[in-house]
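All ligand and atom numbering here is 1-based and tracks the order in the structure. Not measured: the values here are computed from a predicted model.
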Amino acid sequence: MTEDHFVFGYDEDYEPASAYTPGGLCPIRLGCALGSPPRYHVLAKLGHGSFSTVWMAHDRVRQRNVALKIVVARSLRTSQEREILQRLSKAPRANVVQLLDFFEHASPNGIHQVLVMDLVRPLHYYRSEFRPMFVRTVLRQIIEGLEFIHSCGIAHGDLHPGNVGTAVPEIVPLSVKDVWGCGGRPTTLALVHSSLDLNIDSYPPYLCETMDVEQLILCLAPGVSQRPLSIRILDLGNAYIVDGSPSPKCITPMGYLSPEVAFAQIALGDENAPWDQRSDIWSLAVCIYGLVCKTDLFPFVRDDLLHEMMMYCGEVPDAWRPYVRLNPFPQGDVPGIVLADKLWKAKEASLEWFGVENAPGLVRLLRRMLNLDPSKRPTAAELLRDPYFAEAQDFYPFVYLQRVLTFSRRETIANLFHHLFVSLELAIRGRAPSNRKFFL
Ligand SMILES: Nc1ncnc2c1ncn2[C@@H]1O[C@H](COP(=O)(O)OP(=O)(O)OP(=O)(O)O)[C@@H](O)[C@H]1O
């Protein structure tokens, strides 16, 4: 089945209608109840990925709102996500999404695994207004989350800004009326098929657009956005337990791929290259850069990716030389430490322009992580001991105030006052504790 079978065709705001097929996605209607006995009342769609749709639901037993990840039926026996989330939930730590419950749900497309998780809002919501002076505390939390995942013997395998979020504060449990009273009418796309051969029960009557959780929270509890942010790493759907068994196929988006996997895929045509926690460290560096600078560090174009990696890392590994001979660098680009230093100097300047605290320290941290040789990359635990997280001089009130003012020239007066109050608080304390939370 293709999108052509549906009258309204493909629209990138929705999951592909053709994924509603035996073995594929589970057809869901807003307002239905899932679980046995039914306890999760589906309120809105939160997103979709290659293997699932994710819904906001109200848990009638615990009287709280949760996220339901409903996985494609063909993954029922193969997905390790539940096992991995259970392993992580045994010693719960704040910076990784928590598995609250799980069950199986039968639909005309098969049996689906449903993972009940705490509600998270993806961090890319903040990309346009990421407060640069708090970057360090956010980064520390992300790395702490990854360090916890790695310490449980797990590699994540799909780190990018869309898979980093923040905990949604417990607001009053939301009913359907609350959600749609604030969020307006759900935007849907009617699914009308043009072929009589399709099983009408295999797909839902309409597709739902993703709800803007941020708007909902602002509407229901405006004060909540002033609370400390608490980072959550999401989507352990491609994670695996590193125990000597082969790693699953790497599905990290092209620009976030580690060089060991990118080289195998691009230069050798090997789509099943092995990867592990060290590959996560590379992807994390690219993810951090994307979150802070709102642009991608590496291109998503296959033909350019390896060249860019070599230029930013300042070396051509011996194993890559045959590839470079066949695909020479454009004239003038001579990869080496001189060019790499120049490129990173420019990156440092743009980080400074964004008002990021200790931009040189952040660049040094990123360059440690972006080593073409996986064995030379620091572990997540070593990253937490990087001087970037230990240096405190930026928290001296006057330096801090100056950064706030620099940034606030590009912001509203309201923000300026907010940051002045935070600065005042810091001035009274002398300095912030190292694990100070991130405020918006
Ligand atoms: N706990 C959650 N709370 C809120 N939204 C979530 C949650 N988990 C996932 N989402 C949203 O749903 C989207 C899809 O989820 P996820 O990435 O886990 O699915 P996937 O099928 O494994 O996707 P991928 O193609 O990345 O492997 C996410 O990008 C995110 O926006």
Using a strict cut-off of 4.0 Å, indicate which atoms of ligand 1 neighbour a heavy atom of D158. 26 (O), 27 (O)
Quick one: which ligand 1 atoms are inside 4.0 Å of a heavy atom on S52? 19 (O), 20 (P), 21 (O)
Applying the side chain to side chain contact (heavy atoms under 4.5 Å, CB included) test to N65, which of D118, V168, L43 qualifies? L43
Could you see which bit of V54 sits under 4.0 Å from ligand 1, with heavy atoms only: side chain, backbone, both or neither? side chain
Looking only at heavy atoms, is any part of N238 under 4.0 Å from ligand 1, and if so is it the side chain, the backbone, or both, or is it neither? neither
Could you label the plane-to-plane angle of the Y256 and H160 rings as parallel, tilted or perpendicular, counting under 30° as parallel and over 60° as perpendicular? tilted
Any donor and acceptor pair, going by atom type alone, linking the side chain of E308 with main-chain N or O of L305 inside 3.5 Å? no
Residue selection (non-hydrogen contact nearest atom 29 (O) of ligand 1) among G47, A239, G162, G237: G162
Within less than 4.0 angstrom of ligand 1, does D118 place any heavy atom? yes
Should A67 be listed as contacting ligand 1, given a heavy-atom distance under 4.0 Å as the test? yes
N109 vs S107, side chain to side chain donor-acceptor pair (under 3.5 Å): CA-CA, chis, key distance, verdict: CA-CA 5 Å; N109 292 336; S107 88; 4.6 Å; no
For F51, the atoms of ligand 1 under 4.0 Å from one of its heavy atoms are 21 (O), 27 (O)
Carboxylate-amine/guanidinium proximity below 4.0 Å for E260 and R278: no
Quick test of your reading of the structure: of L25, T210, L46, N65, whose heavy atom lies closest to atom 11 (C) of ligand 1? L46
Answer yes or no: is there a donor N or O on one side and an acceptor on the other, between the side chain of R29 and the main chain of P204, under 3.5 Å? no
Check against side chain to side chain donor-acceptor pair (under 3.5 Å), D304 and H307: CA-CA 6 Å; D304 299 344; H307 289 92; 5.7 Å; no
Before accepting this row, confirm whether a basic side-chain N of the pair R140/E144 lies closer than 4.0 Å to the acidic partner's carboxylate O. yes
Between R364 and D386, does any side-chain N to carboxylate O distance fall below 4.0 Å? no
Would you call the rings of Y312 and F298 parallel, tilted or perpendicular, where under 30° means parallel and over 60° means perpendicular? perpendicular
Side chain or backbone of D235 under 4.0 Å from ligand 1, or both, or neither, by non-hydrogen atoms? both
Return yes when I251 approaches ligand 1 closer than 4.0 angstrom through a heavy atom, no otherwise. yes
Out of L234, V120, T252, who is nearest to atom 3 (N) of ligand 1 when you count heavy atoms only? V120
Is it the side chain (CB and beyond), the backbone, both or neither of H48 that lies under 4.0 Å from ligand 1, heavy atoms counted? backbone
Ligand-residue contact atoms, ligand 1 with K69, heavy atoms, under 4.0 Å: 16 (P), 18 (O), 19 (O), 20 (P), 22 (O)
Heavy-atom distances under 4.0 Å are what count here, so tell me which part of N163 touches ligand 1: side chain, backbone, both or neither. side chain
Using a 4.0 Å heavy-atom cut-off, which part of S50 comes near ligand 1: side chain, backbone, both, or neither? both
